[in-house]
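Data block below; observations after.
Naming convention: chains lettered A, B, ... in sequence-line order (proteins, then strands); numbering from 1 in each chain. Keep in mind that the numbers below use all heavy atoms, side chains included, and drop hydrogens, waters and symmetry copies.
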Amino acid sequence: MPSPRYWREIPARYRLEGGRCPACGKVTYPTRRVCPECRHEGMEAIALSRHGRVVTFTTIHVAPTEFQMEAPYPMAVVETPEGARLMVQVADCAPDDVKLGLEVALEFRRIQREGRSGILCYGHKAVPAR
Amino acid sequence: MREVAIVGAGMTPFGELWTSSLRDLFVDAALGALRDAGADHLDAIYVGNMSGGQFVGQEHLGPLMADHLGMAGVPSMRVESACASGGAALRAAFFEVASGASDLVLASGVEKMNDGADVTGVLATAADQESEVYHGITFPGLYALIARAHMAAHGTTLEDLAAVSVKNHRHGALNPKAQFRGEVTLAQVMGSSLVADPLRLLHCSPVSDGGAAVLLCPLERAREFTDRPIKIRATGMATSAMALADRKDPAYLDAVAAAANRAYEMARLGPTDIDVAEVHDCFAIAELCALEALCFTERGRAGEATRAGETTIGGRIPINTSGGLKSKGHPVGATGVAQAIEIVEQLRGEAGDRQVKDAAIGLTQNMGGSGASSVVHIFERV
Ligand SMILES: [Zn+2]
């Protein structure tokens, strides 16, 4: 993807930055211009805790082209203590280890190598809490 | 608003149609609808299409399709709402006729998925690119996350999911337009290859080509074109959070429920008034969630109702008599209009071996993405 498109996402992807609505307290990931709950304009940046629990999960067997080498891999919706929910891969475990309510840490990882140029794209993955 | 009727319907078979292009599929469906009504002109055309741009590199479908129908000059534009594009096109056409702006309007849907495109990648553009697709999720993956949540919340089983596919293939075997006309067994479904756990290949709708079109006009003029007009009693649409992670309950399709409530209210009807329905079973779990959001069953009971045969032809509320997306096929932009055509055939009494006895009121539910948009229509024999 063009560099500016990637750069724009860096605060969310590298620093796990979300948004908190100063009016109603709603937390989103990533941040937004307008609060989806009360439509207040201007969310405040908030660093999310680097851990959470699994809300629901799957294992991807038929993967998109960029991820084919990694399949099968588990993915989950993870909720942080702030109430933000993230779609992430679950790494460093067997697919069968992922369960509802599993406590996970969110770790900075390489997400994909993009296209022929091989640009490395980063973000967070969940790993079972130790 | 004026009352609106469907007076003509046409569709191609669904399947891997290597000899037909995107425009051919539209023209075949549109000519079918015009001939069915004996109409020789149109006041406007709506083309439901998810991704001509990515599937075959073709945008600007409004004029392209009008031109190839021999109707260059007629107002014509594309309507996009991912897999709900067809339902959205029908809704747009409905309002154009209901408003009094036009009398003869074609609502169509078309998709050419088998022309070499990376189908998984194209379909994934209906999810949130930055927060979902970036991390490696696929469409079956999103519905697998919904399925896992539904199983945990309501005790839905793998047998429940498989029963949806078995039932829809049994229906589709009776539909000459269906892509897959073979029945499948519970064991075959449960033994098919894993796509995104717990969803297997035979829980997933196929990659399809196809076109579908219906002709709308004011109800008061309908008898000029047909002696069996089908009135559109209501249209309802709703949206939800785009990303699955942003929905309060991943096991509940709230956009479907909201669209249904709006349609029920507009029609002044309730779920028990519906005789037959086509719902958006892109994956087996989607049919179960749709049944609950449409209030055809209590929340969490759709799997049980399916296994008990309540949703089969001859059951309490026959669902997807066409074979559904699973068996009939799912050319994404065409699906919403094809659903309406199945209901038109049912209400006209022309559904042959699939006919639901005395069907007078029918419903269609079409859905985009992982349920971020949904369109519901209610139809009545008049
Ligand atoms: Zn707020």
Quick one: do B:Glu287 and B:Lys326 make a salt bridge, cutoff under 4.0 Å?
-> no
Based on non-hydrogen pairs under 4.5 Å, which of A:Thr59, A:Val88, A:Leu100, A:Leu86 is most in contact with chain B?
-> A:Thr59
Max heavy-atom pairs within cutoff under 4.5 Å with chain A, candidates B:Leu201, B:Leu194, B:Leu145, B:Ile146, goes to B:Leu145
Below 4.5 Å from any heavy atom of chain B, which atoms of A:Phe67 appear? Answer side chain, backbone, both or neither.
-> side chain
Name the region of A:Glu66, side chain, backbone, both or neither, that has any atom closer than 4.5 Å to a heavy atom of chain B.
-> neither
For B:Thr157 and B:Asp160, test the side chains for any donor-to-acceptor distance below 3.5 angstrom and give the result as yes or no.
-> yes
Quick one: what part of A:Glu37 sits under 4.5 Å from any heavy atom of chain B, side chain, backbone, both or neither?
-> side chain
Between A:Pro64 and chain B, which part of the residue has a heavy atom less than 4.5 Å away: side chain, backbone, both or neither?
-> both
In terms of side-chain heavy atoms, does B:Glu16 have a donor or acceptor partner in B:Ser208 at a distance below 3.5 Å?
-> no
Name the option with the most non-hydrogen atom pairs under 4.5 Å to chain B; the candidates are A:His124, A:Glu9, A:Gln89.
-> A:Glu9
When you measure from the centre of the six-membered ring of A:Phe108, is the NZ or CZ of A:Arg15 under 6.0 Å away and within 45° of the axis?
-> no
Thinking salt bridges, do A:Glu107 and A:Lys125 make one under a 4.0 Å N-O criterion?
-> no
Would you mind telling me which of B:Ala196, B:Gly141, B:Gly136 has the largest number of heavy-atom pairs within less than 4.5 Å of chain A?
-> B:Gly136
Relative to chain A, which of B:Asp128, B:Asp246, B:Val195 shows the most heavy atom pairs under 4.5 Å?
-> B:Val195
Say whether, by atom type as modelled, one donor and one acceptor occur between the side chain of B:Tyr143 and the main chain of B:Cys204 under 3.5 angstrom.
-> no
Any luck finding a side-chain donor-acceptor pair between B:Thr156 and B:His150 under 3.5 Å?
-> yes
When the 4.5 angstrom heavy-atom criterion is applied to B:Arg200 and chain A, the contacting part is neither
Where does A:Thr65 contact chain B at under 4.5 Å (heavy atoms): side chain, backbone, both or neither?
-> side chain
When you check the side-chain N and O atoms of A:Arg50 and A:Thr80, is any donor under 3.5 Å from an acceptor?
-> no
Can you say whether A:Ile111 sits under 4.5 Å from chain B via the side chain, the backbone, both, or neither, judging by heavy atoms?
-> side chain
Heavy-atom distances under 4.5 Å only: say whether B:Leu142 touches chain A with side chain, backbone, both or neither.
-> side chain
Are B:His330 and B:His280 close enough that their ring centers fall under 6.0 Å?
-> yes
